[in-house]
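Encoded as structure tokens, the structure appears first; notes follow it.
Note that ligands are numbered from 1 as they come in the structure, with each ligand's atoms numbered from 1 the same way. Along the sequence shown, residues are numbered consecutively beginning with 1. Please read these numbers as outputs of a predicted model, since none were measured by experiment.
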Amino acid sequence: MPDIVSLLKEKRTFQPSADFTSSANWNKKTTAEYRRLAARNPNRFWAKMAKENVSWFTPWKKVLDWKPPFAKWFVGGKLNISYNCLDRHLEGPNAWRRNKAAIIWEGEPGDSRVITYGELHREVCRFANVLKERGIKKGDRVALYMPMVPELAIAILACTRIGAVHSVVFGGFSAEALRERINDAGAKLVVTADGGYRRGEPNALKPAVDAALRRTPSVENVIVVKRTGEPTRMKKKRDHWWHELMEGASSRCAPAKLDSEHPLFILYTSGTTGKPKGILHTTGGYLTHVTTTSKVLFDLKDTDTYWCTADIGWITGHSYVVYGILANGATTLMYEGVPTHPGPDRFWDIIERWGVTIFYTAPTAIRTFVRLGDEHPKKHDLSSLRLLGTVGEPINPEAWMWYHRVIGGKRCPIVDTWWQTETGGIMITPLPASMPTKPGSATLPFPGIEAAIYDNDGREASASDGGFLVVRKPWPGMLRGIWGDPKRFVETYWSRYKNTYFTGDGAHRDSDGYFWIMGRVDDVMNISGHRIGTMEVESALVSHNKVAESAVVGRPDDLTGTAIVAFVTPKAGAKVSGAFAAQLRDHVAKQIGPIAKPKDIRFTDALPKTRSGKIMRRLLRDIASGKENIGDTTTLEDYSVIAALRSDDDS
Ligand code: WTA
């Protein structure tokens, strides 16, 4: 891992200002106390957090029931997440929040809506009643395939109000990907929209739902939000307009008293096989984890306007656009469109106009802004900002420095937060008021999280070597399983090391104990912070009738972190051309979604394989990243000769 060496040369450290520290939710003293408590007794620490930050209808009897790898948190406790995100801000000492903005939403064309806590409560109750009227009951699955509009947050909260399980499918996924996810979860109802705006144009969504629903036997109803007003085909009996159903719905709906371990949502993510995994999260532990981390490391206050740029279709949007932020009674900003429309300064314009105080985005976006030039943020007054965050990929120190200097005006702490769809909430992160940060390091595990780095044999790796990032103890927000596939759950996460969670990431610690995340060590690529499995792209490619075989690898890319390179062996008679490559890229977009389109397609008569027939991925990775120069692709066959001479475990 040569990257480790260069990262470890990073010696710059940044201290939080006295100003920030003196008013922080957790100052140095509290942090030290909690760290001590969590180190001594993590369960007691989490129980304290669950009591302080979450409202329960019935207290739990047992903090943790751990039968590896199956955990139950706050056993016997009853609660409702929509109650925690809404009702409790309308009563008692917080009743003044009734007319505070819960969601500030800005559409790409420039339209906006401000939804108060009182209003959001009413809308959520009404939509919960709509779901009930359509026959949705506790435990039923509801698929949400939507643009970034407030109705997505409303639908999510309405599901949790009645104990339905939501499965949000990112609006950029294809009809085929949607169909696969609907069927895997057995969703009874789909909520969608006519479309949303992207790059100044209406982008239709409903046609993809229509295509997906040709083969989804479980779906009974589709509810469609009118966003763009474009002509939209509605199927009689099955399809209903959101606004029509909402018209007659009552704005009263008592929150269901749900068991702490009641399923909350399924979110699909890529793994090392062609089939995405339905990651299952449950209620009490998840809410404790995301509410506590939001309060502490974003330092959320009632005066904040918080903006996380992630789409709700990803875990970051679930945990830190909706749940963790609303549970704290804070104002969350949602933006519908792309960062560069109508101009390269859209984000900075939004920050200035709404007075955003906390800004959480992805390294790939930061790298794009660096490239676009300082003049765009410099046109805007960004002095409202007081805290910055990043998530999704390792951030290179130079991008971190730019973020610190140009966006943060050198006064804002940066929280580089490491976590995953599976972890539910943030795991490794600076606590902004109480410790120095280093550009490129996610620093230390959150209190109560026992992260470590192991070598192949399950021993703690030495500082100079690095190794595999693992978590040794259960934590409240952890995944409870893979929907419908307990075997894969055990195999993927719990079989490499005994009773220890395997993250799939490589990492390294420095002499201060700070963690430096090096990226995936499995066949999962991280493209602009989005996980795509190499196998998924391969299956998509070989589903094309002119493709015999394919191997997909990632190569480093300045902008997207990793770029997808596909080696393709066409079937006999297929004519290799630029047009064929373009056709294949479109085919992948159709099968999975545009984010999975290979940047590079290289045709070859044969793929290099070992004697036992395994594709030599390492060799392909080296070729793709230019470390091994092969000139023209046809000579790949020569490599298969070389490959045959190499040992079988060389792939
Ligand atoms: C990567 C996103 C370095 C990592 C929340 C992980 C990161 C995968 C960071 C999970 C970070 C996330 N530094 N790498 N701060 N945050 N990653 O499931 O490889 O979409 O395994 O969850 O993103 O991606 P996921």
Backbone or side-chain N or O of Glu422 under 3.5 Å from ligand 1 N or O: no
Asp600 CG to Arg585 CZ distance, which is reported to the nearest 0.5 Å: 9.0 Å
Region of Thr503 engaging ligand 1 - heavy atom pairs below 4.0 Å: neither
Asn526, portion touching ligand 1 at heavy-atom distance under 4.0 Å: side chain
Test salt bridge (charged side-chain N to carboxylate O under 4.0 Å, His left out) applied to Asp485 and Lys275, step by step: CA-CA 11 Å; Asp485 202 346; Lys275 188 175 181 293; 5.4 Å; no
Lys NZ or Arg CZ of Arg496 over Phe468 ring: under 6.0 Å, within 45°: yes
Member of Ile350, Leu385, Thr332, Ile358 meeting the side chain to side chain contact (heavy atoms under 4.5 Å, CB included) criterion with Trp307: Ile350
Nitrogen or oxygen of Thr421 less than 3.5 angstrom from that of ligand 1: yes
Numbered atoms and elements of ligand 1 in range of Thr417, under 4.0 angstrom, heavy atoms: 9 (C), 11 (C), 15 (N), 16 (N)
Phe359/Tyr306 under ring pair (Phe, Tyr, Trp, His ring centres under 6.0 Å): CA gap, chis, key distance, verdict: CA-CA 6 Å; Phe359 181 62; Tyr306 163 97; 9.5 Å; no
Worked verdict on Gln420 versus Tyr501 for side-chain hydrogen bond (donor to acceptor under 3.5 Å, both in side chains): CA-CA 12 Å; Gln420 306 176 300; Tyr501 172 80; 2.8 Å; yes
Residue Thr316 vicinity, atoms of ligand 1 by number, heavy atom under 4.0 Å: 5 (C)
Enumerated ligand 1 atoms positioned under 4.0 Å from heavy atoms of Val391: 5 (C)
Per-atom contacts, ligand 1 versus Ile517 - under 4.0 Å to a heavy atom: 3 (C), 14 (N)
Which residue and heavy atom of the protein sit nearest atom 24 (O) of ligand 1, plus the separation: Arg531 CD, 3.2 Å
Proximity flag Trp419 to ligand 1, non-hydrogen atoms under 4.0 Å: yes
Test item, Ala442 contacting ligand 1 (heavy atom, 4.0 angstrom): no
Location of contacts on Glu393 toward ligand 1, heavy atoms closer than 4.0 Å: backbone
Side-chain ion pair, Glu422 and Arg531, N-O less than 4.0 Å: yes
Region of Pro394 engaging ligand 1 - heavy atom pairs below 4.0 Å: both
Salt-bridge contact Glu176-Lys590 (side-chain N to carboxylate O under 4.0 Å): no
Under-4.0 Å heavy-atom contact with ligand 1, by part of Ile315 that carries it: side chain
Electrostatic pair Asp558-Arg367, nearest N-O below 4.0 angstrom: no
Geometric N/O contact Asp505 with ligand 1, under 3.5 angstrom: yes
Aromatic ring proximity Phe70/Phe489, centre distance under 6.0 Å: yes
Residue, atom name and distance, where the atom is the protein heavy atom closest to atom 16 (N) of ligand 1: Gly392 N, 3.1 Å
